[in-house]
2 protein chains.
Amino acid sequence: MTDDTQRTRQSPTADELRIWRGFIETAQALNARLASRLHEESALSPGDYSVLLALSEADGRRLRSSELADAVGWERSRLSHHIRRMEGRELIRRDDCAVDYRGAEVVLTDHGAQAFRSASVPHLRAVRELFIDALSPGQLDEVERFTAALSARLTPKN
Amino acid sequence: MTDDTQRTRQSPTADELRIWRGFIETAQALNARLASRLHEESALSPGDYSVLLALSEADGRRLRSSELADAVGWERSRLSHHIRRMEGRELIRRDDCAVDYRGAEVVLTDHGAQAFRSASVPHLRAVRELFIDALSPGQLDEVERFTAALSARLTPKN
DNA sequence: CACATCTGATTGACACGTCAATCATGCACC
DNA sequence: GGTGCATGATTGACGTGTCAATCAGATGTG
């Protein structure tokens, strides 16, 4: 038992490390491939896509900054920087918020909505080709189970 | 058959998208957690760690820039920028290469070697805690199989 | 009302990553 | 031995991400 607890706290074995590296590198490569396709086909970054998706689904195609930040899971300051750049490309617009003059509303422009529409289908197709179709239905279920296991281990902070 | 080919080219279902998002977000969260631990414990970024690891394992703790780039799997320019920053912190040093005056050699400093040594054990322990110990041995094998499947789908360019 | 404090959001500084351009050396061929 | 191209590496510009500081408007308490 002391053996077990000790073993569990030691460094991974070579096999375990290989699997770990395979996992993390594959995930990154997958992300990179999808990002590059998205960029080629739509001149959007993954960040742009997330923001446009959230706004597309929002009532009146507009959200308070903080709601948008929650929707995409970003920190405020990250969103603020990104929004500034997207505003420059006229994908979104910033309005003052009538009910709270501290707040700002982010509004999807027509151009932004159009950009999202044309990006969406090829992007989803790429997800299917590169992820879903690469795995058997059984493997997909396994993926779900072990991402759940990893998430559970991750959520207790630190 | 037309049905099948069509279905396979369409957008993912809601279930499939959920699994996809879970996968990609978990991988990112895992990376982020490991990066933040590494930074707290050692004041190193993941990039720093990769570079130091490669140099630690190299003959004479030194590598030509291009060999180092291959070892860590980076583009030259990315390595060049990173190396400049690491040189500022005296983790590595750049020497001129005697056999080819175009080339540069990157050398691990004593300080860099020390930084890597103290980062390594806690980092590997974190990998064990957050990844390996979160999964059953059977799940680890599944992970290996499906990262292989994803990689295979990824390697044919585009 | 006055003041402190909380909160929504932005900013600046800096690390990181990619792409295209550049620069210097090596090398092959006439 | 010059000319031209290939190669090793760096640079600059710019998008992206984090952290700490800041700012302005909201709010509660005397």
State whether the distance check finds a donor on one side and an acceptor on the other, under 3.5 Å, for side chain [X] versus base [N].
X	N	result
B:Ser77	C:dC19	yes
A:Arg102	C:dT7	yes
A:His81	C:dG12	yes

Check your understanding: Just to confirm, is there a sub-4.0 Å distance from OP1 or OP2 of D:dT10 to any side-chain nitrogen or oxygen of B:Arg94?
Key -> yes
Point to revise | Side-chain N,O (B:Arg76) to OP1/OP2 (C:dT18) below 4.0 Å | key: no
Review point. Under 4.5 Å between any side-chain heavy atoms of B:Phe116 and B:Leu108, yes or no?
Key: no
Rounded to whole Å, please give me the gap between [atom1] in [X] and [atom2] in [N].
X	N	atom1	atom2	value
A:His39	C:dA20	NE2	C1'	14 Å
A:Arg78	D:dG15	CZ	P	16 Å
B:Leu68	D:dA9	CG	P	10 Å
A:Asp96	C:dG8	CG	P	17 Å
A:Arg84	C:dG8	CZ	P	21 Å
B:Leu44	C:dA15	CG	P	14 Å
B:Asp100	D:dA6	CG	C1'	12 Å
A:Asp48	D:dC14	CG	C1'	14 Å

Between [options], spot the one nearest the side chain of [X], thanks.
X	options	value
A:Glu75	C:dA15, D:dC19, D:dG8	D:dC19
A:Ser80	C:dT10, C:dA9, D:dT10	C:dT10
B:Tyr101	D:dG17, D:dG25, C:dT25	C:dT25

Point to revise | Over all atoms of both residues, closest heavy-atom pair of A:Leu79 and A:Ser65 | key: CD2-O, 3.2 Å
Review point. Which heavy atom in A:Ile83 sits nearest to a heavy atom in A:Val51, and how many Å separate them?
Key: CD1-CG1, 4.2 Å
Check your understanding: Atom CD of A:Glu144 and atom OG1 of B:Thr26: how far apart are they, to the nearest 0.5 Å?
Key -> 10.5 Å
Check your understanding: Do side-chain atoms of B:Glu90 reach the backbone of B:His111 as a donor and acceptor pair under 3.5 angstrom?
Key -> no
Review point. Quick one: on DNA chain D, does B:Glu67 or A:Arg85 contact a more 5' nucleotide (nearest heavy atom)?
Key: B:Glu67
Review point. Is B:Arg64 touching bases, backbone alone, or none of the nucleic acid, heavy atoms closer than 4.0 Å?
Key: sugar-phosphate
Review point. When the nearest nucleotide of DNA chain C is assigned to B:Trp74 and to A:Gly103 on a heavy-atom basis, which residue is associated with the more 5' position?
Key: A:Gly103
